[in-house]
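Values below: every heavy atom of this structure, side chains too, minus hydrogens, waters and symmetry copies.
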Amino acid sequence: MATKAEVASHKRKREDDSELSPNTVMPPIKKSKNDSNGESKLSGAFEELLSLSDLDLSEKYRIYPDRGFTPITCSSKLSDYYSAWDHTVAKLPYLNNNSSLRNEVKRWPILSIDHLHSPEDKERAFSILCSVGAAYIYGNKDQDIINKVPPQLSHPWCDLADELNRPPVSSYTSTAMCNWELKDGETELKESNMNLLCGIEGKEDEKLFLLLSVEINAIGGKVIFPLIHSLREIQSSPDSDATVELVKSTLNATNTTFAQMLETFRKMEKMDPHSFYFDVRPYLGGWKNNSRLPDGVVYEGRYNDESQFFSGASAAQAPDFHFFDILFSVKHESEYLGEMWQYMVEEHRELLKTLEGQDVLKEYCETREPLWELFKQCAQTLADWRTYHVKLVTKYIVNQARLNDENPEGSGGSKLIPFLRQCRDETTVHK
């Protein structure tokens, strides 16, 4: 697995950096290796993680007991200094649809990111810049796609990307996870209880797709802490009956949670396939392995004005599923999944990196038959989720692409169906 320094190496370099190379991307994240005797080596970072209280886990890794990786709240308004950004994103669908967004952005002042202080405000600003950036580049159906971003947008976008240690492009984090607010009086993270903060099309299918993604990951987040607690007890008291019961209870809860995630995922079929493919999905794409932007995107005044190539928003960037794969010892061969880590919140990457390669739960369960059966049930339910994902992608992307004589591509730049089937099969074979 890449070190923190390696993860940081993808940060945007400025014009005065003589070693700047084009197409800057983070190197693929390599899997951790086991000891030669086949047993997982427990790292000091892993042992430290298990020693942390729930409060310390929240502070260190930005995870929360009732929703996992999903933030407690998202900022819906920035300080007056950034009023131009808030004003634009509030009417983004209108500006985009009437072809006036690009001129609006060029009238922006070039703003500093120095007045963004809280994590919530930084994520709000990044969501705005990513949404406006996607709309600026792709335009509407009457406009040509352009591959150059003006300094009013490129400077703060790249500066904030540096600050967050993520590429300047739309991602799962910017479009969904940090892009919602609860409606007045609501407390539960359900699609029907939330508003989308930054939308490009303003259509119901856009809201449904992104907010259901938040709901699904919030559901999965409810077992993040119980699974960590189980690891802690396995390490401290492996022979205790109480540990066996805790693990049993956690696995039952996890399997139920996976089933609930799948049930919620099925609500995606409320979307109209044509509307999703032609109106919503284009703005989620990045500029890596994208036939619509074969030459990438130039961020004026950054990267020596050389073209850059970044993947767009993808479900593969949701940290929950990487967490579950690690905990249930699902091994994926695709380097694409490792590359998607750079698009996550930095603290979430650190958590996954610390857990990576620790097969503690599997090794504990496979020597205890009742627990092993529950462990395999969880893996199968996770595989069922991925089987349905293949079905959904076929209906909403592959079939629509064929109707338009297009070659279907993942918004993150992957080859869709082969990639998804491989992920599903690797989860199933693991049993």
Side-chain angles (χ1 to χ4, degrees), residues 1-2 7 28-34 40 43 46 49 61 63 68-70 172-173 177 213 216-228 230-231 234 247 250-251 253-255 257-262 265 314-345 347-366 372 374-390 393 410 412 414 418-431:
M1 183 59 59
V7 172
I29 296 177
K30 299 178 181 179
K31 301 295 183 183
S32 300
K33 301 297 183 181
N34 290 339
S40 298
S43 69
F46 178 69
L49 183 154
Y61 296 113
I63 56 175
F69 296 95
T70 307
Y172 166 77
T173 302
M177 190 173 74
S213 299
I216 290 166
N217 286 280
I219 292 171
K222 293 179 180 178
V223 293
I224 300 294
F225 274 74
L227 284 166
I228 293 175
S230 292
L231 296 181
I234 289 170
V247 174
T250 300
L251 290 174
T254 300
N255 194 46
T257 295
F258 287 170
Q260 291 172 343
M261 292 169 72
L262 176 55
F265 197 26
S314 168
Q317 298 160 357
D320 307 67
F321 289 98
H322 293 263
F323 177 90
F324 295 135
D325 280 342
I326 291 170
L327 265 287
F328 287 91
S329 299
V330 177
K331 311 298 182 185
H332 295 294
E333 293 299 320
S334 172
E335 289 187 345
Y336 172 78
L337 285 171
E339 292 171 2
M340 291 301 99
W341 283 32
Q342 66 176 309
Y343 298 89
M344 299 178 189
V345 170
E347 291 86 347
H348 297 169
R349 293 200 301 262
E350 286 299 307
L351 174 62
L352 298 178
K353 186 180 73 173
T354 301
L355 293 169
E356 179 75 23
Q358 309 296 340
D359 293 327
V360 172
L361 186 60
K362 178 184 179 183
E363 292 170 358
Y364 183 78
C365 291
E366 64 186 353
W372 183 234
L374 289 174
F375 184 95
K376 290 190 293 183
Q377 285 177 22
C378 289
Q380 181 56 55
T381 308
L382 190 57
D384 292 343
W385 197 96
R386 287 179 163 141
T387 296
Y388 182 74
H389 195 184
V390 174
V393 166
S414 64
F419 167 71
L420 293 174
R421 284 177 176 163
Q422 180 183 353
C423 290
R424 185 269 316 278
D425 293 344
E426 288 166 341
T427 309
T428 305
V429 169
H430 146 270
K431 299 192 299 175

Visitor: Side chains of Leu49 and Leu231: does their closest heavy-atom pair fall under 4.5 Å?
Guide: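 The answer is no; the side chains never approach within 4.5 Å.
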
Visitor: Does the pair Glu350/Lys353 count as a salt bridge with the N-to-O cut at 4.0 Å?
Guide: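 Salt bridge flag = yes for Lys353 with Glu350.
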
Visitor: Would you compute the distance between atom CZ of Phe321 and atom CE of Met261 and round it to the nearest 0.5 angstrom?
Guide: 3.5 Å

Visitor: What distance do Ile216 atom CD1 and Asp320 atom CG have between them, rounded to the nearest 0.5 Å?
Guide: 10.0 Å

Visitor: Are the side chains of Ser314 and Tyr336 in touch, meaning some heavy atoms are under 4.5 Å apart?
Guide: yes

Visitor: Between Tyr172 and Ala318, what is the shortest heavy-atom contact and its length?
Guide: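 The pair with the smallest heavy-atom distance is CD2-CA, 3.8 Å.
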
Visitor: When rounded to the nearest 0.5 angstrom, what is the spacing between OH in Tyr388 and CZ in Phe265?
Guide: 7.0 Å

Visitor: In Å, rounded to the nearest 0.5 Å, how long is the span from OG1 of Thr254 to CD of Gln377?
Guide: 12.0 Å

Visitor: Is any side-chain heavy atom of Thr250 closer than 4.5 Å to one of Val223?
Guide: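 No, side chains not in contact.
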
Visitor: Does some side-chain heavy atom of Leu352 sit less than 4.5 Å from a side-chain heavy atom of Met344?
Guide: yes

Visitor: Kindly say whether the aromatic ring centers of Phe375 and Phe328 come within a distance under 6.0 Å.
Guide: yes

Visitor: When rounded to the nearest 0.5 angstrom, what is the spacing between CG in Leu262 and NE2 in His389?
Guide: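 So the CG of Leu262 and the NE2 of His389 are separated by 12.0 Å.
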
Visitor: Report the residue from Val247, Leu251, Leu327 that forms a side-chain contact (heavy atoms from CB on, under 4.5 Å) with Ser230.
Guide: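 Exactly one option meets the side-chain contact (heavy atoms from CB on, under 4.5 Å) with Ser230, and it is Val247.
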
Visitor: Determine, stepwise, if the pair His348 / Thr173 fulfils side-chain contact (heavy atoms from CB on, under 4.5 Å).
Guide: CA-CA 11 Å; His348 297 169; Thr173 302; over 6 Å; no

Visitor: Kindly say whether Gly338 contributes a backbone atom to a donor-acceptor pair with the side chain of His322 at under 3.5 angstrom?
Guide: no

Visitor: Return the minimal non-hydrogen interatomic distance between Thr381 and Ala259, and the atom names on each side.
Guide: CG2-N, 3.7 Å

Visitor: Would you check if there is a donor-acceptor pair between the side chains of Asn217 and Thr70 at a distance under 3.5 Å?
Guide: no

Visitor: Say you draw a straight line from CG of Asn255 to CD of Gln260; how long is it, rounded to the nearest 0.5 Å?
Guide: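 Output value for this atom pair is 10.5 Å.
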
Visitor: How far apart are the closest heavy atoms of Gly220 and Phe324, and which atoms are they?
Guide: O-CZ, 3.4 Å

Visitor: State, with a plain yes or no, whether a side-chain heavy atom of Ile219 is found less than 4.5 Å away from one of Phe258.
Guide: no

Visitor: List the steps and the verdict of side-chain contact (heavy atoms from CB on, under 4.5 Å) for Lys362 and Trp372.
Guide: CA-CA 8 Å; Lys362 178 184 179 183; Trp372 183 234; 3.9 Å; yes

Visitor: Do you know which two heavy atoms are closest between Ile224 and Gly68, and how far apart they sit?
Guide: CG1-CA, 3.9 Å

